[in-house]
Amino acid sequence: MEFLVRGGTLATIQRQMSASREFRLCSPPGEQIPKKGKFALMTLHFSSPTARKLVFILFVLISLSISGTVFGKKHSSSSHGRSARAQKGRAQRGNKASARGRSRRGGRESARASRRGGARMSKRDMRRQRALVAREQSASIKALERRLHRPLSKRERMAEMRRIEAKHNRAAEEARRRAEAARLAAIARDNALRSEVQQLIAKDNTAGEDPEVRRVAINALGNHAGTVVVMDPNNGRVYTIVNQEWALRRGFKPCSTIKLITGVAGLSEKIIPPVETAADGYRMDLTAALAHSNNPYFEQVGSHLGFDKMVSYARELGLGEKTGANVNFEFSGRLPELKPGFVQRRMFSYADGFEVTPMQLGTLVSAMANGGRLLVPQVPQSDNKFVPKVRRKLSIETDVWQRMIPGMVGSVNYGSGRRAYDPTQTVAGKTGTCIGQGGWVGLFTSYAPLASPRLAVVVIAEGSDGRRHFPAAVAGEIYRELNHRFGTAINLQVAATADEEENEDAAKEAAENGETVDATDANQPGASAANNSASPTTSKPSNETVTPKNTVKRVLMPIEKKPAESTQATPANSTGAKAPTPNSNAAPNPAANDQRPRRINPN
């Protein structure tokens, strides 16, 4: 570092000259000191150590400040980049999570749209399509390179990939056109089928039918392609038949409703054990299999049952023969035939080879409701008193019917027939959906109320109306609309009338246990509250009823015990007559009981 000292006082000039002489004495020989003007240049190379330290410290401070500024900029930029990347990652994860949530809904919507013929594809289908295109592009490029004996250039690769993608786009567009044409054709078939059904309904013979029940059934079916049968499961009286041409003279594939026969046959032949453990994630029981219409369960039961036994039970339960209804030109249905190419296991769950009429399903579910009496359905033709006709008494134990009930109730409460649910009464039913003769077929066969069955409803629909359990929705609306007339009162105990179960053994049993008499035996053959015209038959004492298995889901709520104080209260208009004691052998008075649960004083 050099500087020029010019001018100043005499003392200053003397100091400069002295310093110059010292510099010359310490300088190497031959080195010239540059001069400019009057005074020579002077340097600080040989200044004091203090000045040298100060310069060094100043240099270090400047270097640290510069390096700190640079490092701070780099750190801020890197931290900003990391925060930006972290924020971007969080946003991507959030987008993926929301996309997964949307994909579930979007997948269902796109699946429904594809069933309706829409051009929208689900994300899974799009990924599968892209993977297929990529595999074909790679295979095509490799084949072309082998054929040319040289690697392809980038332009040739891109051209080949565009060609494959264009081919797939054309194929996809053609598939969409075909799907749209099929959708339009299906809509046209459904409209034609619905128009045909409306014309057939207009031709129905309504003589002897119940006007209110028919009105409710027609309103529930609406402008859909189907048929409805409503009858009394206790005496076989037919309240209405909507679309009689389909209900009496046309056969339908029963689909999953055949599982009722498979279950009855499996229980009767002891293939299904009398006591099953509760269903879990690894094992299915009869109740869950009926409720959710599990195909593998019934196929396994059918494989042990066999073809001949299955056909025998189906014929005994009324399939393959006319019901004997007082109508003309009734179709008898069809049973499967063992021939080459016939897959036996499908007949136990999908009902391959079977054809049934709605009237046959009505008599089947009525037999399950009344305890095993296969009735003859009849449409009242005159004002004369209705006389029930029993075609035959089925040789099936009562326990078998009881074991089928929880699964049928579960189907309506939480299974495949949820659309038939009625909160005011318990409905037992079974759904069925499959592809029949040329299209979809949907069925629902049921009866209600469970405590004292008074209605059996069978609904069958075809085409798009046979899907998504539409028949169950029709039956549910019928039950709800007719509940005021055929349903069980909410405050009515689950029991038969007092005069039907008043006997000495029942009174003694109730007196010993201190409980009211349960109406479990009301489901025995011939013991229905609605069938007042039929004379009561001799039955087993109530103390021989089978105790329900604890592994079977309860269907009926237990009757609560009445407090002892309530039995001593008498109405204001009482005539002073004493209530019968448990040990009394006197005959009951029907007028005094009047459809109310009996009260018994505990000992």
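From a predicted model like this one, the values you see are computed outputs, not experimental measurements. All heavy atoms count here, side chains included; hydrogens, waters and symmetry mates do not.
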From the list V230, V228, I241, D204, side chain to side chain contact (heavy atoms under 4.5 Å, CB included) with R214 holds only for D204
Which of R454, E477, E212 passes side chain to side chain contact (heavy atoms under 4.5 Å, CB included) with L482? It is E212
Sorted by chain and residue number, the side chain to side chain contact (heavy atoms under 4.5 Å, CB included) partners of A448 (sequence neighbours excluded) come out as Q425, V427, Y479
To the nearest 0.5 Å, what is the distance between [atom1] on [X] and [atom2] on [Y]?
X	Y	atom1	atom2	result
F298	I272	CZ	CD1	6.5 Å
I201	T206	CD1	OG1	12.5 Å
R485	N483	CZ	CG	12.5 Å
L455	M231	CG	CE	10.5 Å
L286	M404	CG	CE	6.0 Å
M359	T323	CE	OG1	5.5 Å

Where [X] and [Y] come nearest, the two heavy atoms and their spacing:
X	Y	result
I261	M310	CG2-CE, 4.0 Å
V229	P358	CG2-CB, 3.9 Å
P471	D465	CD-O, 4.0 Å
A314	F354	CB-CE2, 3.8 Å
F386	G236	CZ-C, 4.2 Å
K253	L443	O-CD1, 3.5 Å

Does [Y] offer a backbone N or O that forms a donor-acceptor pair with the side chain of [X] under 3.5 Å?
X	Y	value
R403	G263	no
N326	V379	yes
R373	S366	no
Q360	S332	yes
T227	V242	yes
S268	V264	yes
N234	P453	yes
Q244	N205	yes

**Prompt:** Would Q378 and R237 count as a side-chain contact (heavy atoms from CB on, under 4.5 Å) if you check the C-alpha gap in whole Å, the side-chain angles of each, and the deciding distance to 0.1 Å?
**Reply:** CA-CA 5 Å; Q378 302 177 76; R237 176 180 178 178; over 6 Å; no
Does a side chain donor of either [X] or [Y] reach within less than 3.5 Å of an acceptor in the other side chain?
X	Y	answer
S256	S293	yes
N294	K259	no
T357	K322	no

Do [X] and [Y] come close enough that some side-chain heavy atom pair is under 4.5 Å?
X	Y	answer
L394	W401	yes
E397	L267	no
D352	P336	no
P377	T363	yes
F252	L361	no
Y350	I258	no
M408	L260	yes
V457	S446	yes

Check step by step if side-chain contact (heavy atoms from CB on, under 4.5 Å) holds for R391 and E321. CA-CA 12 Å; R391 196 177 353 166; E321 62 183 18; 3.0 Å; yes
With sequence neighbours left out, the residues meeting ring pair (Phe, Tyr, Trp, His ring centres under 6.0 Å) with F444 are none
Salt bridge (charged side-chain N to carboxylate O under 4.0 Å, His left out) test vs R250 passes for just one of E462, E355, E245, namely E462
Quiz prompt | Residue pair W246, I460: steps toward the side-chain contact (heavy atoms from CB on, under 4.5 Å) verdict | solution = CA-CA 9 Å; W246 282 22; I460 297 181; 5.9 Å; no
Derivation of the side-chain contact (heavy atoms from CB on, under 4.5 Å) call for I396 and L317:
CA-CA 10 Å; I396 296 176; L317 291 170; 4.1 Å; yes
